Novice: 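Quick one: structure below, then a few questions.
All values derive from a computational prediction rather than experimental measurement. Just so it is clear: chains get the letters A, B, ... in the order the sequence lines come, proteins before strands, and each one is counted from 1.
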2 protein chains.
Amino acid sequence: MAGIRDVARQAGVSPATVSRVINGTTPVAADKRERVLRAIEEMGFVPNEVARSLFKKSSKTIGVIIPSIRNPYFTQLADVIDAAAKERGYRIVLYNVHHDLDQERAALQMLAAANADGVIVASNNEALQEELAHYQMPVVVVDALFQTRQVNAYLYCDYYQGGRLAAEHLTACGCRNLVCIRGVQGLYTAQARYEGYRDYCREHGLTEQVVECDYDFEAGLSMTEELLERFPQVDGIVACNDMVAISVYKILHKRNIAVPDQIQLVGFDDIHLASLISPELTTIHQPIDAMGRRAVEVILNEGHLPKEGRRQSFPVSLVPRETTRSKESR
Amino acid sequence: MAGIRDVARQAGVSPATVSRVINGTTPVAADKRERVLRAIEEMGFVPNEVARSLFKKSSKTIGVIIPSIRNPYFTQLADVIDAAAKERGYRIVLYNVHHDLDQERAALQMLAAANADGVIVASNNEALQEELAHYQMPVVVVDALFQTRQVNAYLYCDYYQGGRLAAEHLTACGCRNLVCIRGVQGLYTAQARYEGYRDYCREHGLTEQVVECDYDFEAGLSMTEELLERFPQVDGIVACNDMVAISVYKILHKRNIAVPDQIQLVGFDDIHLASLISPELTTIHQPIDAMGRRAVEVILNEGHLPKEGRRQSFPVSLVPRETTRSKESR
DNA sequence: TTCATAAATGAAACGGGTTTCAAAAGAATG
DNA sequence: CATTCTTTTGAAACCCGTTTCATTTATGAA
């Protein structure tokens, strides 16, 4: 690989001048610039990014840490972040940490050691939280919120409201026997959804019926079986996310339980897949795009949320589709 | 950030000794090692990865370039590659190039400039192919194959056989009016699938009916409409991939066309989603895991496929599920 | 105890751009 | 034409681990 010194020799100038031509930091005489440019062209010179970022202490890179690359919610988020970052001349490095604290730690350390310009973390791990504060690069936490706020920026949705909306919609669609498949409690994102559901039920004299479940498909399948056994009367299900909702549907379908005629179903997240499967899934929409774009903005703003304080909440909304009864048929 | 020289001072040794303790390259006296370790601990020292890789010319990183992070086929592939790489002490950097040649180029250049130890590219872009040869880092092309083979290793599946299997299965299930939704021709992966289908039809006296379609969901939706219009007699559909198959199903479902009773459907890829949706999708299984793991092996083997030549083909198989008639009901 | 080997250790160079600082060249003023 | 202020430009230091190479220290044999 040709280096900057080779180019300099070829062009008959010093390495410093070559650097200046490349970066446009200082004006260079037209004839010399010309020679340098030609030498670069001829030798196919590409500046070594490692050397550059060693000095600059910036790598034009934003780290993105997600718990699972298999969950479409996170890949969608990563995709927007990617697009937003590229628009601003940054690239992202995606770390897929398989829900594993050690891998999260390792990713963080690597990013720090690699002079990343910031990190966007989608982690519900409270233990990691504390470590986050030790790094001096900007950190933004998305899709999570903690009591002990160590980091400057938390971006999350109004999950509580989402839980309420789901319960409200099912009730409005005629359900009287709601069951909530809630995510593991202790995780804010899961808990808030549940509490929204719970409060709505309490306020409207509905008995709250709950089943607990991990966020993935496999867990959704087995939990649904359990749910049907424990609550045979059920006529409305609030799932903790869309992937689980899809697995719920799968079981119902297998048992020939009609959706939405016998049981109505509401998911959470509104991933693309929700409107792609048949029947289309009624779900709580999260503004994933807006959240992702904002995360990048905040990182490039040194990790600070300007005026709003240390956290920013995004609104959710209910998208009625085919797994609940439409207005017309009510 | 504390540097190795700070640690050295604190421990009363030279930076060289600290480096040796960290890397275990040369034995260090027990008492000094002890002091160094304590100093590292106290100062929370983490070696700067950039400086390290500048010297080592290796970053323990494998680049993975995929055309779309939204297509589950590629995220699944990335996930295995990630796991396989981590097992061997490497990390991956995922580049999501949005099917864009310029972004592919940029990704490649960045990887080269970042001292990546190898690149795994899932690209059907022939133009990129040629450039690939210019880089001296190991490159493995997955899910593609070219006439002009510039790179040392191509990993791909027996797509042709997949096309045959799909046609054969539909025929065995009683279909007489097959239509193939083929991917954009010119791409080997798409063309081979189609040719398998075509040859089977010719050999068995079936008229070949074809419709062309991009690999994504939106294209699948509109193409299905067109298909039904052009071939109202259709009773079996071979889709170019699972995402398209899902969109086909969506349209059929919307039109109240029963699957598999009126029309049977075969996808391609066997992404997880295929068995997660309802009804479960009959599809051609690609050994994504094996391919991903092999890709990592080859990279760490300097990008060479040892004996087998410059390419390795993986077998496909048909997985009968719910969108075609099962043996029992035939 | 002494000389020869082997092992541990530090000083300095290295990798490859970038930037500082001072010298050199050019432009402007008197 | 001399003098001063600008603008270019190159030499060298820098970023920070790693490694070479020579020196020091330890080990073993004589």
Side-chain angles (χ1 to χ4, degrees), chain A residues 1-37 39-40 43-61 109-117 135-137, chain B residues 1-37 39-40 43-61 109-117 135-137:
Chain A
M1 242 342 182
I4 200 169
R5 285 166 175 86
D6 303 309
V7 175
R9 199 174 313 121
Q10 168 111 342
V13 298
S14 73
T17 302
V18 177
S19 173
R20 290 191 266 254
V21 170
I22 296 169
N23 301 293
T25 41
T26 303
V28 170
D31 60 325
K32 295 193 177 175
R33 175 168 50 259
E34 198 45 54
R35 292 213 307 275
V36 169
L37 255 20
I40 289 176
M43 311 179 80
F45 168 73
V46 178
N48 184 315
E49 205 56 43
V50 175
R52 176 178 270 170
S53 71
L54 172 61
F55 192 94
K56 293 283 213 67
K57 300 194 164 181
S58 152
S59 50
K60 286 284 180 183
T61 291
Q109 222 171 62
M110 282 171 185
L111 285 166
N115 291 345
D117 296 299
Y135 294 92
Q136 69 274 63
M137 56 190 170
Chain B
M1 246 334 187
I4 200 170
R5 284 167 177 84
D6 302 309
V7 175
R9 200 173 313 121
Q10 169 112 342
V13 298
S14 73
T17 302
V18 177
S19 173
R20 290 192 267 253
V21 170
I22 297 170
N23 300 294
T25 41
T26 302
V28 170
D31 60 325
K32 294 193 179 176
R33 178 169 47 260
E34 197 45 54
R35 293 212 306 275
V36 169
L37 256 21
I40 288 176
M43 310 178 80
F45 168 72
V46 178
N48 184 315
E49 204 55 43
V50 175
R52 177 178 268 170
S53 71
L54 173 60
F55 192 94
K56 294 283 212 66
K57 298 194 164 179
S58 152
S59 50
K60 286 281 178 184
T61 291
Q109 218 170 67
M110 282 170 186
L111 286 166
N115 291 344
D117 296 299
Y135 294 93
Q136 69 275 63
M137 56 190 170

Novice: Rounded off to whole Å, could you give me the CG-to-P distance for the Asn115(B) and dG16(C) pair?
Specialist: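 After rounding, the reported distance stands at 9 Å.
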Novice: Between Ile4(A) and Ser19(A), is any pair of side-chain heavy atoms under 4.5 Å apart?
Specialist: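 Ile4(A) reaches Ser19(A) side chain to side chain.
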Novice: Hey, what are the protein-to-nucleotides 24-28 of chain C N/O distances that come in under 3.5 Å?
Specialist:
none

Novice: Any sub-3.5 Å donor-acceptor pair from Thr61(B)'s side-chain atoms to Ala116(B)'s backbone N or O?
Specialist: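 The answer is no, because no donor-acceptor pair under 3.5 Å joins these two groups.
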Novice: Atom CZ of Arg20(A) and atom NZ of Lys32(A): how far apart are they, to the nearest 0.5 Å?
Specialist: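 So the CZ of Arg20(A) and the NZ of Lys32(A) are separated by 10.0 Å.
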Novice: Apply salt bridge (Lys or Arg N to Asp or Glu O under 4.0 Å) to Arg5(B) and list each qualifying residue two or more places apart in sequence or on a separate chain.
Specialist: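 Scan of Arg5(B) (salt bridge (Lys or Arg N to Asp or Glu O under 4.0 Å), adjacent residues dropped) gives none.
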Novice: Please identify each residue that fulfils side chain to side chain contact (heavy atoms under 4.5 Å, CB included) with Ala11(B), with sequence neighbours left out.
Specialist: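 Once residues adjacent in sequence are excluded, the partners of Ala11(B) under the side chain to side chain contact (heavy atoms under 4.5 Å, CB included) criterion are Val13(B), Arg35(B), Val36(B), Ala39(B).
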Novice: Does a side-chain heavy-atom distance below 4.5 Å link Ile40(A) with Ile22(A)?
Specialist: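 Counting from C-beta outward, Ile40(A) and Ile22(A) do come under 4.5 Å.
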Novice: Shortest non-hydrogen contact from Pro15(A) to Ala8(A)?
Specialist: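 So the minimum-distance heavy-atom pair works out to N-CB, 3.5 Å.
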Novice: I'd like to know if the side chain of Arg33(B) and the backbone of Val28(B) have a donor-acceptor N/O pair within less than 3.5 Å.
Specialist: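 Confirmed, Arg33(B) side chain pairs with Val28(B) backbone.
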Novice: Enumerate the residue pairs fulfilling side-chain hydrogen bond (donor to acceptor under 3.5 Å, both in side chains) with a member in residues 43-53 of chain B, sequence neighbours excluded, ordered by first and then second residue.
Specialist: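 For residues 43-53 of chain B, and leaving out neighbouring residues, the side-chain hydrogen bond (donor to acceptor under 3.5 Å, both in side chains) pairs sorted by first residue read Asn23(B)-Arg52(B).
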Novice: Could you pull out the protein-nucleic contacts involving nucleotides 7-10 of chain C (nitrogen or oxygen on both sides, under 3.5 Å)?
Specialist:
| from | atom 1 | to | atom 2 | distance (Å) |
| --- | --- | --- | --- | --- |
| dT9(C) | OP1 | Lys32(B) | NZ | 3.4 |
| dT9(C) | OP2 | Ala29(B) | N | 2.7 |
| dG10(C) | OP2 | Ser14(B) | N | 3.2 |
| dG10(C) | OP2 | Ser14(B) | OG | 3.2 |
| dG10(C) | OP2 | Thr17(B) | OG1 | 2.5 |
| dG10(C) | N7 | Arg20(B) | NH2 | 2.6 |
| dG10(C) | O6 | Arg20(B) | NH1 | 3.4 |

Novice: Write out all pairs satisfying salt bridge (Lys or Arg N to Asp or Glu O under 4.0 Å) with one or both partners inside residues 10-19 of chain A, taking only residues at least two apart or from two chains.
Specialist: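 Every pair satisfying salt bridge (Lys or Arg N to Asp or Glu O under 4.0 Å) with a residue in residues 10-19 of chain A: there are none.
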Novice: First contact, last contact: which nucleotides of DNA chain D are these for chain B, 5' to 3', heavy-atom distance under 4.0 Å?
Specialist: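 Reading along DNA chain D, I get dC16(D) to dT20(D).
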Novice: Could you check whether any side-chain N or O of Ser59(B) sits under 3.5 Å from a backbone N or O of Asn115(B), counting only pairs where one atom can act as donor and the other as acceptor?
Specialist: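 Answer holds: yes.
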Novice: Heavy atom of residues 47-58 of chain A under 4.0 Å from DNA chain D: which residues?
Specialist: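 Output list: Leu54(A), Phe55(A), Lys57(A).
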Novice: Measure the angle between the two terminal helix axes of the helix from dT1(C)-dA30(D) to dG30(C)-dC1(D), five base pairs each, and quote it to 10°.
Specialist: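 Here the helix ends are tilted 40° relative to one another.
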Novice: What pair of heavy atoms forms the shortest contact from Ala2(A) to Phe45(A), and how long is it?
Specialist: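 Where Ala2(A) meets Phe45(A) most closely, the heavy atoms are O-CD1, 3.3 Å.
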Novice: Over how many whole Å does the gap from Lys60(A) atom NZ to dG17(C) atom P extend?
Specialist: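 Roughly 19 Å, once rounded to whole Å.
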Novice: Once side chain to side chain contact (heavy atoms under 4.5 Å, CB included) is applied, do any residues pair with Leu54(A), and if so which ones, sequence neighbours excluded?
Specialist: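 For Leu54(A), the residues satisfying side chain to side chain contact (heavy atoms under 4.5 Å, CB included) (neighbours in sequence not counted) are Val50(B), Ala51(B), Leu54(B).
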Novice: Thr17(A): which residues meet the side-chain hydrogen bond (donor to acceptor under 3.5 Å, both in side chains) condition with it, sequence neighbours left out?
Specialist: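 Result, side-chain hydrogen bond (donor to acceptor under 3.5 Å, both in side chains) vs Thr17(A): Ser14(A).
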Novice: Should Asn23(A) be listed as having a side-chain N or O under 4.0 Å from OP1 or OP2 of dT18(C)?
Specialist: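 Yes.
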Novice: Report the residues that fulfil side-chain hydrogen bond (donor to acceptor under 3.5 Å, both in side chains) with Ser58(B), sequence neighbours left out, ordered by chain and then residue number.
Specialist: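 Here the qualifying residues are Asp117(B).
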